[in-house]
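Below is one structure, written out as structure tokens; the observations come after it.
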Amino acid sequence: MLFAHYGSDVLFTVKNTEFTLQALFYGFNQGMVFSGVLLWFTALSFNSDGDRVLYLFSFAPKIALMFSMILGFIPRFNKKLGDIREAKAALRGAKAPKGIKDKYKNAIDNLSALISYSLESSIITADSMNARGYKPGALSVKRYRLCAEDIILIVLIIASFTFVFYSKIAGNITFIFEPIIKIKTFSTAAFSAFSIVELIPFFVEIWEEMLWKLSNAKA
């Protein structure tokens with residue numbers, strides 16, 4: 001609401017600038033959407049590893065390799081850069097680089113060490129690719145398999161998302177922020193489909209937890 005001042009409900013005025021409820025609510029809505037996206041990708045980073053990506057894109061191994069490397073590239077290199085900085089600090093002792101020239105030289109040295117590490121790790125990556133089946137005649141072992149429950153969940157998610165997307169395009173779901181906050185059109189069916197998509201991970205987690213506790217109780 002600091003930058004957008006549309007809407008009819010003025011909360012307060014600073015000089016000639018009006019701060020409205022509609023702008024505040026719109027900013028809150030966008031913040032919640034952004035937080036939801038961050039949570040989804042955080043959950044993805046915790047639940048996805050290289051083996052799952054390779055299995056998912058087993059029909060296109062090059063895409064699988066690229067996607068798997070992208071997922072692990074940033075955190076791995078950030079961690080290695082931190083190790084390099086700590087090692088350089090230990091070698092210098094308490095003496096820290098002073099001045100722009102020294103800081104620039106120190107940054108270049110860190111970057112050079114990081115590039116050397118990436119070149120060395122490429123050899124390990126090549127060996128790993130050979131071990132994972134990226135060569136003719138290699139033995140490929142898959143830790144995962146696609147079962148009937150997975151197919152049902154995939155079909156349910158795709159069908160629900162498609163219905164919600166169609167409802168939005170058809171104008172069955174319309175929410176306006178200006179000039180007043182109002183639900184212009186609402187579809188109970190689309191809301192139910194959207195709720196299904198959002199709650200599937202929750203119910204799957206509860207179901208897995210119940211199965212785990214039952215198996216421990218039987219043991």
Side-chain angles (χ1 to χ4, degrees), residues 1-50 52-53 56-57 63-64 66-82 85 100 103-104 107 110-111 114 150 152-209:
M1 88 175 173
L2 297 177
F3 305 99
H5 308 288
Y6 54 79
S8 58
D9 299 326
V10 180
L11 297 177
F12 56 91
T13 303
V14 178
K15 294 184 178 180
N16 295 326
T17 304
E18 295 180 341
F19 295 89
T20 62
L21 175 64
Q22 284 73 20
L24 175 63
F25 190 79
Y26 180 77
F28 176 77
N29 175 77
Q30 294 301 101
M32 293 296 291
V33 170
F34 184 70
S35 300
V37 172
L38 290 179
L39 288 174
W40 274 98
F41 277 98
T42 301
L44 176 65
S45 66
F46 276 110
N47 291 280
S48 297
D49 55 13
R52 286 185 171 90
V53 173
L56 183 62
F57 294 97
I63 296 177
M66 182 181 67
F67 192 70
S68 177
M69 292 179 67
I70 289 173
L71 286 178
F73 178 81
I74 296 177
R76 184 172 67 249
F77 273 60
N78 280 338
K79 182 179 182 302
K80 190 62 181 180
L81 181 60
R85 287 174 176 171
I100 298 177
K103 291 181 179 179
Y104 178 77
N110 293 342
L111 179 61
L114 187 62
D150 298 326
I152 293 174
L153 284 177
I154 291 172
V155 172
L156 182 61
I157 291 172
I158 293 176
S160 301
F161 178 79
T162 303
F163 182 74
V164 173
F165 189 71
Y166 168 77
S167 300
K168 180 62 179 176
I169 293 177
N172 298 329
I173 309 173
T174 308
F175 189 91
I176 60 175
F177 294 91
E178 184 184 7
I180 60 174
I181 300 173
K182 179 183 178 181
I183 300 176
K184 195 173 181 179
T185 57
F186 180 78
S187 172
T188 304
F191 180 78
S192 301
F194 180 78
S195 300
I196 290 173
V197 174
E198 295 297 312
L199 293 176
I200 279 177
F202 172 76
F203 288 120
V204 168
E205 180 69 20
I206 295 297
W207 176 252
E208 294 291 338
E209 188 70 20

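In this chain, numbering begins with 1 at the start of the sequence shown.
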Has Ser187 got a side-chain atom pairing as donor or acceptor with Ile173's backbone, closer than 3.5 angstrom? no
Please check if atom [atom1] in [X] has more than 12 non-hydrogen atoms from other residues, nucleotides or ligands closer than 6.0 Å.
X	atom1	value
Tyr26	OH	no
Leu199	CG	yes
Phe12	CZ	yes

Separation between [atom1] of [X] and [atom2] of [Y], rounded to the nearest 0.5 Å:
X	Y	atom1	atom2	value
Tyr166	Asn172	OH	CG	7.0 Å
Leu21	Phe25	CG	CZ	8.0 Å
Ile200	Ile196	CD1	CD1	7.0 Å
Ile181	Ile176	CD1	CD1	10.0 Å

Please give me the minimum heavy-atom distance between [X] and [Y], naming the atom from each residue.
X	Y	value
Gln22	Ile180	NE2-CA, 3.7 Å
Ser8	Pro179	OG-O, 2.9 Å
Thr185	Gly171	OG1-O, 2.9 Å
Phe163	Ala193	CD2-CB, 3.9 Å

Can you list everything that forms a side chain to side chain contact (heavy atoms under 4.5 Å, CB included) with Glu18? Sequence neighbours excluded, please. Val10, Thr13
The criterion is ring pair (Phe, Tyr, Trp, His ring centres under 6.0 Å); which residues satisfy it with Phe191, sequence neighbours excluded?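 Per chain and number, Phe191 pairs via ring pair (Phe, Tyr, Trp, His ring centres under 6.0 Å) with Phe186.
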How about [X] and [Y]: do any of their side-chain heavy atoms sit closer than 4.5 Å?
X	Y	value
Phe19	Leu2	yes
Val164	Val197	no
Phe28	Leu24	no

Assess the residue pair Asn29 and Phe175 against the criterion (side-chain contact (heavy atoms from CB on, under 4.5 Å)); give the C-alpha distance rounded to whole Å, side-chain angles, the decisive distance to 0.1 Å, and a yes or no. CA-CA 11 Å; Asn29 175 77; Phe175 189 91; over 6 Å; no
